Amino acid sequence: MTAILGCIADDFTGATDLAGLLARSGAKVSLRIGVPDGPSADPAPFEVIALKIRTAPAPDAVAQARAALAWLRRAGAERFFWKYCSTFDSTAHGNIGPVAEALLDDLGAAQTIYAPAFPENGRRVFMGTLFVGRQPLAESPMRDHPLTPMRDSDLTRLLTPQVTQGVGLVDRPTVARGPDAVAGALADLAGQGAAHVVMDAVTDEDLRAIATACRDMALLTGGSALAMPLPDLYRADGLLDRDRAPAPGAGVGGGTVVLSGSCSAMTNAQVAAHRDGGAPSYRLDPLALAGDGAGPALDWLAAQDLTRAPLIYATAPPDAVRAAQDRLGAAEAGALVEAALAACAVAARDAGAGRFVVAGGETSGAVTQALGVTRLDIGPEIAPGVPWTFCDSGGRRIALALKSGNFGAETFFADAQATS
Ligand code: ADP
């Protein structure tokens, strides 16, 4: 088998989100954590490489993305997808544009699109402005994200300083006229030198029109929802067969632990709901971690009954996050929390936990790294964009649910336990 679409995601939960949506089609989807060392013996039709570069300096992010592209090309892919968050998370020196530009260069392609919209999760783009629910991005809770606070909602304005070539927009009235109108607008923009084109999309129908028009572009960029129509389009084009892949979740043991390092508004609500539901819980305080390390949390965890899905969380409201960051610095506070949650994951695995529910993109990266996981098989979806994934760790088969901050319903932690 050869890879049809090679995907590069800027963080772990973004990668699982994308892989989960692709797996809805029944096609086999393989997720690699980091760029694999050797060549791929048996590539899946959809190969997703998860990097951890969302907040990395642009030159570092570019180097890793190019290495991923080279591996995916060796796996046989001829079409590529650069996946970032549907809230366009990037720092002031953001690397979404620089990575896209480098990939275009390597592929010898002249133009790509930027379509972060994810209507099912309330992310929509209209006239270049990204909305989260009814709020422009910069007025949404993303304004106060611990690592990538978003203070502008206009995607063309966010992108322009990140790239060297021209930026354009295909607006909603055009997208609503369908794939031919989209293709025509992109050709016009190419003639005007726009290599980087932001795509308005308000509904799934808009994304389908964009995917239909752009399915043979060498490089697509966007949120995971843009990729959803691709398997069916590839089937219609005769590139992908219609067989469904076998379920990958056999042999996972009992016992669950919930590890939450996201401070998003939704995760705060999910943590509250899980505690209110009676789950045992332990709050990690970055200041206490700086003084005492993770020992007290590990002691608490060792005493827990894993059938009750104990919760360990650093999740806190924005004022508490700011207070910890003022004392420790944002990077140090984040690193302390990530290291503690990663240590808890390893301890829980060694105590026999089979299922791990992890909230937070960076947090998930730290946890999977600590568990020594390099390849995940994609299973059933718990919430839009969040599948159960299955892998080997410490000689056993385990299941991981890796959720980025704002994903899932308030009942997500219980929903994960109810999905198998
Ligand atoms: P999300 O998916 O919501 O963006 P991430 O895990 O990617 O979540 O990012 C959240 C970051 O905030 C992590 O680096 C995490 O360690 C850090 N963090 C978590 N809790 C706190 C806290 N109480 N104070 C400061 N930083 C925190």
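This structure is a prediction, so every number in the text was calculated from the model and none was measured. One-based numbering, in listed order, for ligands and for the atoms of each.
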Trainee: Using 30° and 60° as the class boundaries, would you call the ring planes of F118 and F407 parallel, tilted or perpendicular?
Mentor: perpendicular
Trainee: Got the residues with a heavy atom under 4.0 Å of ligand 1, by chain and number?
Mentor: H145, P146, L147, G261, S262, C263, P286, A314, A316, V321, A324, A333, G334, V337, E338, G360, G361, E362, T363, S404, G405
Trainee: For the residue pair R123 and F88, would you count it as a cation-pi contact if the rule is NZ or CZ under 6.0 angstrom from the ring centre and within 45 degrees of the ring axis?
Mentor: no
Trainee: Strictly below 4.0 Å, N to O, side chains only: are R24 and E120 in salt-bridge contact?
Mentor: yes
Trainee: Check for me whether R32 meets the cation-pi criterion with W71, that is, NZ or CZ under 6.0 Å from the six-membered ring centre and within 45 degrees of the ring axis.
Mentor: no
Trainee: If the test is ring-ring contact (aromatic ring centres under 6.0 Å, His included), which one of Y313, F413, F412 qualifies with H274?
Mentor: F413
Trainee: Working to the nearest 0.5 angstrom, can you tell me the gap between D152 CG and L158 CG?
Mentor: 4.5 Å
